[in-house]
Each structure stands twice: as C-alpha cells, then as structure tokens.
Protein chains: 2
Amino acid sequence: MPYHLIVQNISKYIRLSPEEEAHFVSLLGRQHLKKKQFLLQEGEVCRHSAFVTRGCLRGYTLDSNGLEHILQFAPPDWWIADMYSLLSQQPGTLNIDALEDSEVLLLSKKDQEQLYLDIPKFERFFRIITENSLLSSRQRLLDSLSLNAQQRYEAFCQRYPSLIHCLPQKQIAAYIGVTPEFLSKMRAELLRKK
Amino acid sequence: MPYHLIVQNISKYIRLSPEEEAHFVSLLGRQHLKKKQFLLQEGEVCRHSAFVTRGCLRGYTLDSNGLEHILQFAPPDWWIADMYSLLSQQPGTLNIDALEDSEVLLLSKKDQEQLYLDIPKFERFFRIITENSLLSSRQRLLDSLSLNAQQRYEAFCQRYPSLIHCLPQKQIAAYIGVTPEFLSKMRAELLRKK
DNA sequence: TAGATTTCTTAATCTAGATTATTGGCGCCA
DNA sequence: TGGCGCCAATAATCTAGATTAAGAAATCTA
C-alpha cells in the first residue's frame with residue numbers, strides 16, 4: 001500500500017474520520033514513472049496535483065536559450081504540480097519529470113474542487129501547504145537576490161542534504177543557478193579549504 | 001469609510017452574509033503611516049496581516065552588506081505581512097515601511113485564526129490569495145533565474161505599470177536586483193533605441 | 001567488450017553588471 | 001539666499017560567473 005505516507009502527510013494538519021480518509025484515498029490515481037519519464041510537459045494543461053511516494057521528481061522550465069531552470073525537486077512526501085496551469089487550466093510552462101524510477105499519487109483538479117465542498121477541512125489542509133510552499137518560494141527568491149553562488153550552494157546543501165549525493169551535479173547547478181563548470185570550480189575550492 | 005475596498009476584495013472569492021461582513025469588519029484595526037514610517041521591523045514578531053487602502057508599502061530585507069532587497073510592493077488592494085514571522089510567531093527578517101503616506105487595515109493573527117473557525121469560508125479566501133501569492137512568487141523566482149537585467153526591468157514595467165512613475169528609481173533597481181547606476185544605464189540605452 | 005553517451009574537471013577567455021567617483025539638478029528650510 | 005541632502009546620470013575600472021574547449025572518468029548499450 002503506498003497510501004500510508006499521504007494519509008500521514010495530511011494528518012499533520014487536519015484530522016479525518018475513517019470514512020473521510022477512505023473517501024479521499026478512493027479519489028487517488030497511481031502512476032509509476034521511469035527515470036527521465038515526463039509527468040507533465042510544457043504546453044500541456046496540468047490536470048492533477050501529484051504526491052510523490054517513491055523516487056524523486058523535478059519541476060523545471062526552459063528559457064529562450066534552452067537552459068533548464070529548476071523550480072523544485074520533489075522527493076517522497078512532497079507535492080508537485082504546475083500551479084499556474086492547474087489553477088488557470090491554461091497550457092503551462094513547467095516540465096515535470098522523474099530523476100529516478102518513481103511513484104506518484106494523483107488527485108485531479110476536479111476531485112480536489114469537489115473535496116473542498118464535501119470535506120471543508122481540505123480547504124484548511126491545502127491552505128496550510130500552500131502557505132508553506134509560499135514561505136519556501138520567498139526564501140529561495142531572497143537567497144537568489146542576496147547570496148552569491150557559493151552561499152546558495154551551501155544553502156542548498158543544508159536544505160536538501162539527502163539529495164546532494166543522489167543527484168547529478170548538473171541538476172544541482174541548474175537549481176542554484178550556475179553552470180555545471182562553475183559549480184565544479186566552487187566544489188574544488190571548498191575541498192581545498194578543508 | 002475605508003472598508004469598501006477590502007469588502008470588495010473579499011467578495012471576489014467568497015460570498016458573505018451582511019452579518020458575516022459586519023463581523024469581519026469589526027475585527028479590523030486601522031493605521032495611518034507617514035512616508036518612511038515602519039509597519040514592521042526586522043527582529044519583531046509579525047502579529048497582523050495588513051491590507052493597503054491608500055498609499056504604497058514595501059517589504060524588504062537587508063543582506064549582510066546592508067543592501068536592500070525588495071520582496072514586494074503593496075499598492076492599494078494588496079495584502080502584506082512577514083509571512084514567515086506571522087505563521088511561526090518567531091522574530092522575522094522583513095522590514096515593511098511606507099513609500100508615501102499610507103493607510104492600512106489590520107487583521108490580527110488571533111482574529112484570523114478565530115475567523116477560520118467561525119466562518120470557514122475564510123479558509124477558502126485565504127487559500128486562494130495564498131495560491132495567487134505563490135504563483136507570483138514563483139514567477140518572479142523564474143524571472144530572476146532566467147532573465148537578464150533588461151528583461152527583468154521590462155517584466156517589472158508590465159507587472160507594475162502604475163508604480164514606474166511614482167517610485168524613485170533606486171526602489172525599482174532594488175526590486176529587479178541591480179544597482180541604481182546600472183538601471184540608469186539600461187534606461188538610457190532603451191531611450192536611445194526609440 | 002567495445003564503443004557511445006553522459007558526467008565531471010580544468011583552464012583560458014570573455015562579459016554583464018558591480019563598484020567607485022564625479023557631476024548637475026532639484027526641493028527643503030533656516 | 002545659500003547651503004544641505006537626496007536623486008539621477010555618466011564614465012572608468014573591476015570581478016563573479018559565463019562561455020568555450022578539451023580531456024578523463026563513469027555509465028549505458030549492444
């Protein structure tokens with residue numbers, strides 16, 4: 001059963017009766033993704049929120065030069081979606097793919113809207129996780145405005161300690177906003193200091 | 001009466017009965033701010049959400065070199081707070097001050113929590129405005145990762161057309177993340193092209 | 001197992017934007 | 001009326017990080 005993780009995730013913020021819990025779980029789809037497989041591609045309309053139960057996904061965009069800019073990594077116990085596209089139901093700009101073989105649970109936009117009406121506690125749940133996302137997004141924006149590349153790398157290491165070793169460096173470089181060459185140089189300098 | 005603006009803001013997302021509306025309005029405090037006056041300073045605990053009815057506020061942090069980094073401008077009809085501090089009730093890092101003489105309506109954290117219990121529709125309201133904040137925060141993060149200074153300036157002009165003329169250039173420079181000197185140079189180049 | 005593909009490193013060169021300094025304009029107010 | 005403080009413009013110099021290139025190492029694939 002891959003459901004205990006999501007049930008536990010929700011119970012951090014709201015308390016569901018067994019029936020409510022069963023109803024919620026019945027709405028969830030399940031999808032396996034192979035490494036490099038897309039959950040969502042630029043230009044598509046995002047129709048689901050995804051909750052990761054295994055593996056690791058990433059959300060990124062391509063700029064006009066074809067460079068990848070990573071908005072978010074999603075290891076297990078995290079939610080991921082193209083929020084803009086999900087909310088507006090317009091074609092989005094986010095690509096979401098799997099960095100390794102992964103499994104996600106899917107909640108459709110339609111079911112989510114209905115859930116707000118059937119079990120209003122879910123308004124609270126999604127309000128709180130949206131607040132948390134907002135906090136981390138703002139913190140990252142501040143980091144990108146006020147820290148240099150080395151400080152951003154250190155911040156990344158603190159925030160995602162589990163990912164440093166399992167992720168290829170070019171992914172980390174794209175996340176902190178430098179070229180892989182420059183990250184390599186920084187790492188060499190950090191090593192030399194110790 | 002400064003209340004019609006906030007009532008109208010809320011009615012975009014939820015429908016309140018006259019009694020609910022009156023109750024909500026009765027919770028609001030009112031504060032006038034002179035130009036340069038602080039609503040909140042670094043190190044304080046943020047105890048209110050503020051809704052701007054007149055003037056313009058800004059939220060910014062100071063980095064280790066004393067440089068200002070502007071997270072948000074808040075013209076009338078916008079909400080502003082140090083979300084991190086408001087949610088955690090820990091001392092925050094945000095400074096919020098008035099760029100011109102302004103008026104805000106204040107909703108205390110305590111009243112906001114109680115409002116969620118008394119009128120659950122407010123869960124929905126704040127979920128939606130938090131979602132919208134998240135969208136704009138992510139978009140700005142992407143801009144800062146993928147656009148150069150000139151493109152960020154153009155994006156700013158599109159997003160805050162009303163502010164371009166009433167704000168001193170150093171505020172705009174701090175927002176888009178360049179020095180005032182460089183903004184001046186870019187503006188000169190843009191003029192030359194036309 | 002070889003060959004192909006991707007990842008990481010190092011190094012030389014280049015550039016967007018920072019830093020520092022100087023100037024002039026403009027409002028403020030004693 | 002003049003002096004003071006703030007703001008914007010310009011220009012010279014400097015630097016963090018990009019770009020380009022090339023080789024070594026690791027991983028995939030047949």
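Fair warning: this is a prediction, and the values are worked out from it, not measured in the lab. Convention: sequence-line order gives letters A, B, ...; per-chain numbering from 1.
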For [X] and [N], what is the distance between atoms [atom1] and [atom2] respectively, to the nearest whole Å?
{"X": "A/R152", "N": "D/dG17", "atom1": "CZ", "atom2": "C1'", "value": "10 Å"}
{"X": "B/L167", "N": "D/dC7", "atom1": "CG", "atom2": "P", "value": "12 Å"}
{"X": "B/E189", "N": "D/dA9", "atom1": "CD", "atom2": "P", "value": "13 Å"}
{"X": "B/L183", "N": "D/dT10", "atom1": "CG", "atom2": "P", "value": "12 Å"}
{"X": "A/K170", "N": "C/dT7", "atom1": "NZ", "atom2": "P", "value": "5 Å"}
{"X": "A/K36", "N": "C/dT6", "atom1": "NZ", "atom2": "P", "value": "6 Å"}
{"X": "A/L67", "N": "D/dG17", "atom1": "CG", "atom2": "P", "value": "16 Å"}
{"X": "B/Q150", "N": "C/dT15", "atom1": "CD", "atom2": "P", "value": "17 Å"}

Can you see whether B/Y175 has B/R58 sitting over its ring - NZ or CZ less than 6.0 Å from the centre and within 45° of the normal? no

Are any of A/Q169's side-chain N or O atoms less than 4.0 Å away from OP1 or OP2 of C/dT9? yes

Hydrogens and angles aside, do A/H32 and A/D101 bring a side-chain donor and acceptor to less than 3.5 Å of each other? no

Let me spell it out: for each of A/N148 and A/E181, pick the nucleotide of DNA chain D with the closest heavy atom. Which residue's pick is nearer the 5' end? A/N148

Which heavy atom of B/D82 sits nearest to which heavy atom of B/G92, and what is that distance? OD2-CA, 3.4 Å

Of the nucleotides C/dA18, D/dA8, C/dA11, which one has an atom closest to the side chain of B/T179? C/dA18

With a 4.0 Å cut-off on N to O distance, would you call B/R127 and B/E131 a salt bridge? yes

